[in-house]
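Notes to accompany the following structure.
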Amino acid sequence: MSEENHETNEVVRPRSMEHDESGHSVDQDDESRRSMDVKAMDTSVDQVKSETETEDYDEYEDDKPTRGEVMGWCFYELSSYFTHTVLITVVFPLIISQTFSKPPPEPARGWYKNVRGLDCTKKETTLFEALTYARINVGDLSFSPLEWTSISWFSGLILAGPLLAYISILLDHRQNSQLITAIATAIGAIFCLPAGIIKTPWIIPPYIAAIVASNTVGSAFHNRHLGLMVRGFVGATIRKLHFPNRQAISSWLSLYATAGGCLGAAAIASFTYYMLRNPEGFVSLWVVSIFSGILWFVGIVHILTAVRSNGIGSSVTNCRISSKYFISIFNYPHAAGSLVGVFLSSFSTMSIFTGAVLYIVGQLCTPPQDILFTWLTYFFFPVLALPLLHPVQKVIQSDAVKMQIFGFLLSTLTSGMGFYYRKENWHNNHVLVLAAAQSIASGVLHAHSRILLMDCAPAGKEGVFAAWFAWVRMLGAFVGFAIGSSGVGSVNRSFGAAFVAAVIGIVALIFSNISSYGGAVAAGHVRKRRETESPVRGSKDLAKVEGKEDLEGTQDRSMEV
């Protein structure tokens, strides 16, 4: 070694003692380089922490919903769900029929023969003929009470369209959306009170139109709040791994709320049956309308107390909101496609319900007591069955689309069986079984159709998506009621149309590539990234903790060099 050094005439010095051409020592350069690396690492750590804290704040800005908020949300469904299932479809047609109907002539033995040759009581025969054969003359046209109700319903939908377009902007970008929604709902509840002041069918259309418009506005606010509560439970953005948790929470909220709504509908239906037993039918039905308005008015408490921000601020001015804001839902294919399922589900369930009630009253001459049992089965059975479906859905990990397909399958079963045996005389136990199956289908379709649409709603646009859901659902119910009541007691048209609609719904959901996960990804609710928190608020994700530890370890190692 020394010989080599002697031959090269070089003195080997430590590297720290060597100098470069500029005259600076290498050890000083290394030291400065290491200092710069440490500073760069500190800067990167601060940036990562700052970005993480910002992302965490954006994701979990909303507070977790309280138990009182959840119960209030379910209570509003209890106090409003019956408006389109019982009040408009049963109570108001009966009120119209009592304004001008003339009882049929007295039979010789106190019994009436229907077209099937069955013996019917005077009470049910009078009610059926008043609903289907009594006429309201408008020029050269004449309408039955059921058709008059359909016309009034359609007028309410026309009124609700521009109203929802305006309300959707308030729901998403204004702080006074609660007050506007409460006023609109109160107007509908108030119109239930004077329904029997003037005994004429001409005063009913404004009442029904106001109730339909108010119900759609309240439903838009109600379903928008579902999206906000779900976001409060799981956060604005979650990983794909945690998406089943979001579905479980959405299903839990929607199923229990629907069960509460069915309970309210069962109460109004039972009260209607009880009041029909009185000899003065018109005044008795007016009392039912008053009681319905009071119950609906109490639900406004939830609207006034449901204070929850949309998470994007409310500083947007009118000039910055595009005139096409209401149709922005069509920029999201999954959301636009889910509206088809909303319409078909509402149409099929209402067509089956209306056609079946008229059939068992006019064709089967079912005794009044058995009609009450049928109503209670249809409305009360979901109160027990729907909550039991939630743990089953969690076990099989079924999303909203699959649950809707399940509901459509049940609708095809009931409508197909009813259409196939339409010429047979059904026994009461057959009617109850079909009513129980269809009640589950109706509850499942209603609960999961709004879950699917809220999964497709981006943060800050829940209001406009919920407005579309409310209007399309009411439109489907209107068409189903019109079809179901046009057969004059025959189920050929109502059950056949419902069967076709259910089959189309199944095909559309399977082959149109509509999915809850795809809609959530398009809406920004689900995205892949290395660092995120658990969807359960207050807990830490292991990946995030490990990422921070690795970063701190890298910094320590760089300082030791």
To the nearest 0.5 angstrom, please state how far the CD1 atom of Ile96 sits from the CG atom of Leu146.
8.5 Å
Compare every heavy atom of Pro382 with every heavy atom of Ala259, then report the nearest pair and how far apart it is.
CB-O, 4.1 Å
Using the test side-chain contact (heavy atoms from CB on, under 4.5 Å), find all partners of Ala385 that sit at least two apart in sequence or belong to another chain.
Phe381, Ile440
For Leu304 and Gln178, work out which heavy atoms get closest and say how close.
O-NE2, 3.5 Å
Heavy-atom nearest pair, Ala130 first then Pro145, reads O-CG, 3.2 Å
State, to 0.1 Å, how close Tyr207 and Ala195 come at their nearest heavy-atom pair, and which atoms those are.
CE1-CA, 3.6 Å
Got a sec, which residues hit salt bridge (charged side-chain N to carboxylate O under 4.0 Å, His left out) with Arg450, two or more places apart in sequence or on another chain?
Glu77
Donor-acceptor pair, Ser219 side chain versus Thr216 backbone, under 3.5 Å?
no
Close side-chain approach of Leu388 and Val392, heavy atoms under 4.5 Å:
no
Please say which of Phe469, Trp468, Phe465 ends up in a side chain to side chain contact (heavy atoms under 4.5 Å, CB included) with Asn223.
Phe469
Heavy-atom pair of closest approach, residues Pro205 and Pro201:
CD-O, 3.3 Å
Return yes if a side-chain donor-acceptor contact under 3.5 Å exists between Glu462 and His225, otherwise no.
no
Heavy-atom side-chain contact between Tyr256 and Pro387 under 4.5 Å
yes
Is the shortest side-chain heavy-atom distance between Met275 and Asn278 below 4.5 Å?
yes
If you define the side chain from C-beta out and look only at heavy atoms, does anything of Ile136 sit under 4.5 Å from Leu141?
no
Residue pair Asp455, Gln247: steps toward the side-chain hydrogen bond (donor to acceptor under 3.5 Å, both in side chains) verdict
CA-CA 9 Å; Asp455 285 339; Gln247 287 286 289; 2.5 Å; yes
Should Ile88 and Phe481 count as side-chain neighbours, where that means a heavy-atom distance under 4.5 Å?
no
Please round to the nearest 0.5 Å and tell me the distance separating atom CZ of Phe478 and atom CD1 of Ile151.
9.0 Å
Return all side-chain donor-acceptor pairs below 3.5 angstrom for residues 286-295, not counting sequence neighbours, or 'none' if the list is empty.
unit_1 : atom_1 : unit_2 : atom_2 : d
Trp286 : NE1    : Leu193 : O      : 2.6
Ser289 : OG     : Cys192 : O      : 2.5
Ser292 : OG     : Val288 : O      : 2.8

Between Trp148 and Trp153, ring centroids under 6.0 Å
no
What's the spacing between Leu87 CG and Ile208 CD1 if we round to 0.5 Å?
8.5 Å
Looking just at side-chain N and O atoms, do His448 and Gln393 make a donor-acceptor pair shorter than 3.5 Å?
yes
Rounded to the nearest 0.5 Å, how far apart are CD1 of Ile95 and OG1 of Thr99?
9.5 Å
Atom CG in Leu413, atom CZ in Phe408: separation rounded to 0.5 Å?
15.0 Å
Just list the side-chain donor-acceptor pairs under 3.5 Å for residues 345-355, sequence neighbours left out, or say none.
unit_1 : atom_1 : unit_2 : atom_2 : d
Ser345 : OG     : Gly341 : O      : 2.8
Ser345 : OG     : Val342 : O      : 2.9
Ser346 : OG     : Arg473 : O      : 2.7
Ser346 : OG     : Ala477 : N      : 3.0
Ser348 : OG     : Leu344 : O      : 3.0
Ser348 : OG     : Ser345 : O      : 3.1
Thr349 : OG1    : Ser345 : O      : 2.9
Thr349 : OG1    : Ser346 : O      : 3.1
Ser351 : OG     : Ser494 : O      : 2.9
Thr354 : OG1    : Met350 : O      : 3.0

With sequence neighbours excluded, tell me which residues meet side-chain contact (heavy atoms from CB on, under 4.5 Å) with Ile198.
Thr200
Would Trp426 and Tyr359 count as a close aromatic pair, with their ring centres under 6.0 Å?
yes
Can you tell if the side chain of Ile405 reaches within under 4.5 Å of the side chain of Val401, non-hydrogen atoms only?
yes
Can you confirm if the aromatic rings of His302 and Phe75 lie within a centre distance of less than 6.0 Å?
no
Would you say the rings of Phe499 and Phe419 are close, in the sense that their centroids are separated by under 6.0 Å?
no
Quick check for you: to the nearest 0.5 Å, what is the distance between Leu386 atom CG and Ser254 atom OG?
9.0 Å
Establish, yes or no, whether a centroid distance under 6.0 Å links the rings of Tyr81 and His446.
yes
If every non-hydrogen atom of Asp172 is compared with every non-hydrogen atom of Gly463, which pair is closest and at what distance?
OD1-N, 2.7 Å
How would you list, by chain and number, every residue that makes a side-chain contact (heavy atoms from CB on, under 4.5 Å) with Asp370, sequence neighbours excluded?
Thr366, Pro367, Phe373, Asn428
With a 4.5 Å heavy-atom cut-off, do Arg422 and Phe495 have their side chains touching?
no
Do the non-hydrogen side-chain atoms of Tyr273 and Pro368 ever get within less than 4.5 Å of each other?
yes
